[in-house]
Amino acid sequence: MSATAPSTAASAQSAATTISIYDTLTKQKRPFVPVTPGKVGIYLCGPTVYKESHIGHMVGPVIFDCIKRYFTYSGYEVTWVVNITDVDDKLIAESVRRGLPMADVAEEMTQDYLHNLAAFGVDQIDQMPRATETMDEIIEFIAALIEQGFAYESEGDVYFETGKDPQYGKLSNRTTDSLQGEGGEAAQRKRSLGDFALWKAAKEGQPSWDSPWGSGRPGWHIECSAMSRARLGETFDIHGGGLDLLFPHHENEVAQSECRHGKPMANFWMHNGLMRAGASAGKLGGRADREQQQVEQATVATKISRSGGAGGLADLVARQGGERLRFFLLRTQYRSTIVFSEAEVEQSGAGLETFYRLFKRYERITGESYYDVDAPRFRGAGAFDPGDDDTLKSVAAHRQHFIESMDDDFNTGAAVADLFEIARTLNRYADQADLEASGKDDPAKLAVFKQGARTLRELSGTLGLFIRPIQSAGGEDQETLEGVIGLLASIRQDARAAKNFELGDAIRDQLQAAGVTLLDRPDATEWEIQPTGNQLDALMQLVIKIRADARAAKDFAIADKIRDALQSQSITLEDRAGGTEWDKS
RNA sequence: GGCGCCGUGGCCAAGUGGCUAAGGCGACGGAUUGCAAAUCCGUUAUCGGCGGUUCGAAUCCGCCCGGCGCCUCCA
């Protein structure tokens, strides 16, 4: 086993060129070669902040968060930019509807987006420029396109002339001739129906900025060209976004930028697959989804909040937790469609428990928190010599496979399997080496186990998983709940010691029914809590019954123990004619 | 109509020419446990259909069936 060598850029660099990425433009997977050696520039199209985000908005940020982590792990210095579109037709419409200034709506929804990103563990974004803060660069960009003859002014609007770009359509595989759109209400101001707006003249009462073409606001696509140019350069490494942005958004971006610069905009175009709400509902938040919701609204309005998961992301996070949702997204290769259902989130989340239990086991064995394990942060530093130890050989093999999967277009779905395999390997070793008892004191055995845990943490870190302990969602009631469960566990322990298995089993079964699973360890009992409604009350009813039975049997030791324990939780019992009630002060 | 994507065990999901078709959830059997839970071991698929290319295909080609996306705002 090797010591953790200080990682150097050189050691990490050697492996770095093995990453391959599928490029939507060339429709092929090819090795990643950076524009600037050792560096990666990534631009991801962010949201238009006009209403609350839904889980579909998190797909791109989560996978790109992993991509940045993995590039960093591979020795690159990464700059990741995500834009916020805070001026737009829909935003204007929403501000009118709500009677608020557009900037207020944008700010509110930006905060919503930011909170959701944080909940999903997306914390790798370096810059989040707003369109309204980029106005100078946008205007300068448009002026340059007019100057170069790729754009023209028309009654205060400015349009990009797609016919001037011989390559127009290359991203989404379209020809300018095939663009049969009706051109919108601005059709008569365009030279060709396929032309798109770079600048829109302001209408009365709408937010506007001064420009050489009069007051107005930018079209949708130009901000990305202006921002990426300003922050990442004329040619940068990776441009990402949802597949739905391919046309017209990215097609128009690439046209603007490449006509202006005369060189490629991005070396790789990455598009994540879209999330669907159900088998036939179409894309989440898409047309079919919206139409279906309208139908549901007209018929069974109550089901909307629970169906599909569109909107109400904060509620979903509160129910499921961010790490479950993140994991749910990472189980699938990023280019695939994901069909969302909360049941599926729960099912995949069940697998996470395997890891959480292993982390507890790690703590029992080593006496230190798994979350404090100092894992290698670079792939060059994480390699170790397994010698002829079967456990370490297995860990090393799965580490290798994990890296190969991630190198292959960030195949998180395949990589996750190796995480499970390593967890199983460690559990098996802990069983065989009896690490929770006699084996604990064998430094050599402990070292093997710790090496495996270090590798697990090294790898899962690149997926942004298991970074820190998950929050127990309960809040202040959680402490009381834990106290009451501890009391019941203690009573049961006493009963078992006295061979009163009937009482012991009854307690366990009823805790189980209330969503609490007891796990008997050699030296103590632990428990896991599945949140359900009225959990505390259910458990208190059990406590009350046990106390009543004990008093009837004149077993005052138990009754007293209960009373004392409840007192420390500020819970009082009141015996009334119809039964005993409890109250927490 | 134009341009695309997808169809792998009960469910989810890797695998895109060749070792015994990953992994998760679930189910069943076993070890372990006072009984459990957890953990470990084992069982659970020939890859939508048909035809073709090939020594060899889930993986390439064609047709068919089924599902979905973009072409209008959309991560």
Side-chain angles (χ1 to χ4, degrees), chain A residues 27 29 44-48 50 53-64 82 85 88-90 93 113 169 172-175 177-184 220 240-249 251 271-276 279-290 327-328 331-333 335-339 341 343-354 357-358 360-361 398 401 405 408 411-421 423-424 426-432 436 496 499 501-502 504-505 508-509 512 517-521 525-528:
Chain A
K27 294 176 179 58
K29 205 185 282 180
L44 177 70
C45 286
T48 299
Y50 72 105
S53 43
H54 58 253
I55 188 170
H57 289 119
M58 296 293 116
V59 177
V62 166
I63 180 62
F64 275 90
V82 178
T85 302
D88 166 90
D89 290 352
K90 291 197 300 294
Y113 183 68
S172 56
N173 199 20
R174 274 158 232 251
T175 59
D177 295 342
S178 73
L179 294 172
Q180 302 290 339
E182 88 292 346
W220 176 32
L243 205 45
D244 51 351
L245 296 184
L246 191 58
F247 186 93
H249 188 53
E251 192 68 72
H271 290 93
N272 59 267
L274 305 175
M275 185 168 278
R276 292 197 288 124
S280 61
K283 179 181 68 177
L284 236 196
R287 178 167 46 190
D289 188 35
R290 291 195 300 270
F327 181 70
F328 172 71
R331 292 159 66 230
T332 308
Q333 214 276 346
R335 284 188 279 127
S336 304
T337 300
I338 300 176
V339 178
S341 81
E344 198 60 48
V345 171
E346 284 172 3
Q347 195 182 94
S348 74
L352 281 180
E353 301 299 327
T354 297
R357 290 189 203 104
L358 175 61
K360 284 184 190 167
R361 194 174 196 186
H398 287 296
H401 191 254
S405 295
D408 183 11
N411 191 341
T412 57
V416 160
D418 292 299
L419 259 29
F420 276 102
E421 290 285 11
R424 172 189 289 138
L426 293 179
N427 271 321
R428 184 193 298 132
Y429 187 71
D431 282 356
Q432 289 171 353
E436 298 208 46
R496 291 175 70 211
K499 303 283 183 208
F501 292 122
E502 193 184 345
D505 289 353
R508 189 188 57 218
D509 293 346
Q512 187 67 59
T517 306
L518 292 180
L519 306 95
D520 291 332
R521 304 294 178 198
T525 296
E526 296 182 357
W527 55 83
E528 294 175 354

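A, B, ... follow the sequence lines: proteins, then strands. Residue 1 opens every chain.
Contacts of Glu526(A) with the nucleic acid, taken as non-hydrogen atoms under 4.0 Å apart, are absent. At the heavy-atom level, Gly60(A) lies nowhere under 4.0 Å from the strands shown. Within the 4.0 angstrom heavy-atom criterion, no nucleotide atom of any strand lies near Gly240(A). Across all strands, Gly413(A) comes closer than 4.0 Å to base atoms (heavy-atom distances).
Closest approach to the Asn173(A) side chain among rG4(B), rC11(B), rG23(B) is made by rG4(B) (side chain taken as heavy atoms from C-beta onward). Nearest to the side chain of Glu421(A), among rC71(B), rG23(B), rA75(B), sits rG23(B).
Heavy-atom nearest nucleotides on RNA chain B were determined for Val416(A) and for Thr332(A), and the one closer to the 5' end corresponds to Thr332(A). Comparing His249(A) and His398(A) along RNA chain B, the residue whose closest nucleotide (by nearest heavy atom) sits nearer the 5' end is His398(A).
Scanning atom types as modelled, one donor and one acceptor separated by under 3.5 angstrom connect the side chain of Gln347(A) and the base of rG24(B).
rU44(B): Watson-Crick or G-U partner is rG26(B), with both key distances under 3.5 Å. Under the Watson-Crick and G-U wobble criteria, each requiring two contacts below 3.5 Å, nucleotide rU39(B) is paired to rA31(B). Pair check for rC5(B) finds rG67(B); Watson-Crick or G-U wobble, both atom distances under 3.5 Å. Applying the Watson-Crick and G-U wobble criteria (two distances, each under 3.5 Å), rC55(B) pairs with rG18(B). When both distances must be under 3.5 Å, the Watson-Crick or G-U wobble mate of rC50(B) is rG62(B).
By the side-chain hydrogen bond (donor to acceptor under 3.5 Å, both in side chains) test, Arg357(A) pairs with Glu528(A), sequence neighbours left out. Residues forming a side-chain contact (heavy atoms from CB on, under 4.5 Å) with Asp431(A) (at least two apart in sequence, or on another chain): Arg361(A).
Only the P atoms considered, rC70(B) is 27 Å distant from rG9(B), to the nearest whole Å. Taking atom P in both rA31(B) and rG67(B), the straight-line distance is 48 Å, to the nearest Å. Straight-line distance between the P atoms of rC5(B) and rU59(B): roughly 16 Å, to the nearest whole Å. Atom P of rU46(B) sits at a distance of 34 Å from the matching atom of rG4(B), rounded to the whole Å. If you take atom C1' in rC41(B) and the same atom in rU32(B), they sit 11 Å apart, rounded to whole Å. Using atom C1' as the reference point in both rA13(B) and rC55(B), the two lie 32 Å apart (nearest Å).
The NE2-P distance, from His271(A) to rC5(B), rounds to 14 Å in whole Å. A straight line from CG of Asn272(A) to C1' of rC70(B) spans 14 Å, rounded to a whole angstrom. One interatomic measurement links the two molecules: CZ of Arg331(A) to C1' of rC25(B), which rounds to 8 Å at whole-angstrom precision. With rounding to whole Å, Arg276(A) atom CZ is found 9 Å from rG69(B) atom C1'. Atoms CG (Asn411(A)) and C1' (rG15(B)) sit 9 Å apart, rounded to a whole Å. Between the P atom of rA75(B) and the CE atom of Met58(A) lies a distance of 11 Å, rounded to the nearest Å.
Thr412(A) and Gln333(A) form no side-chain donor-acceptor contact under 3.5 Å, judged by distance and modelled atom types alone.
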request  = Summarise protein proximity over nucleotides 33-42 of chain B in one line of letters, 5' to 3': B for base, S for sugar-phosphate only, - for none, counting protein heavy atoms closer than 4.0 Å.
outcome  = -BBBBSBSS-
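Counting heavy atoms of neighbouring residues, nucleotides and ligands inside a 6.0 Å radius, atom NZ of Lys499(A) does not exceed 12 of them.
Contact between the side-chain N/O atoms of Ser348(A) and the OP1/OP2 oxygens of rG23(B) is not found at any separation under 4.0 Å.
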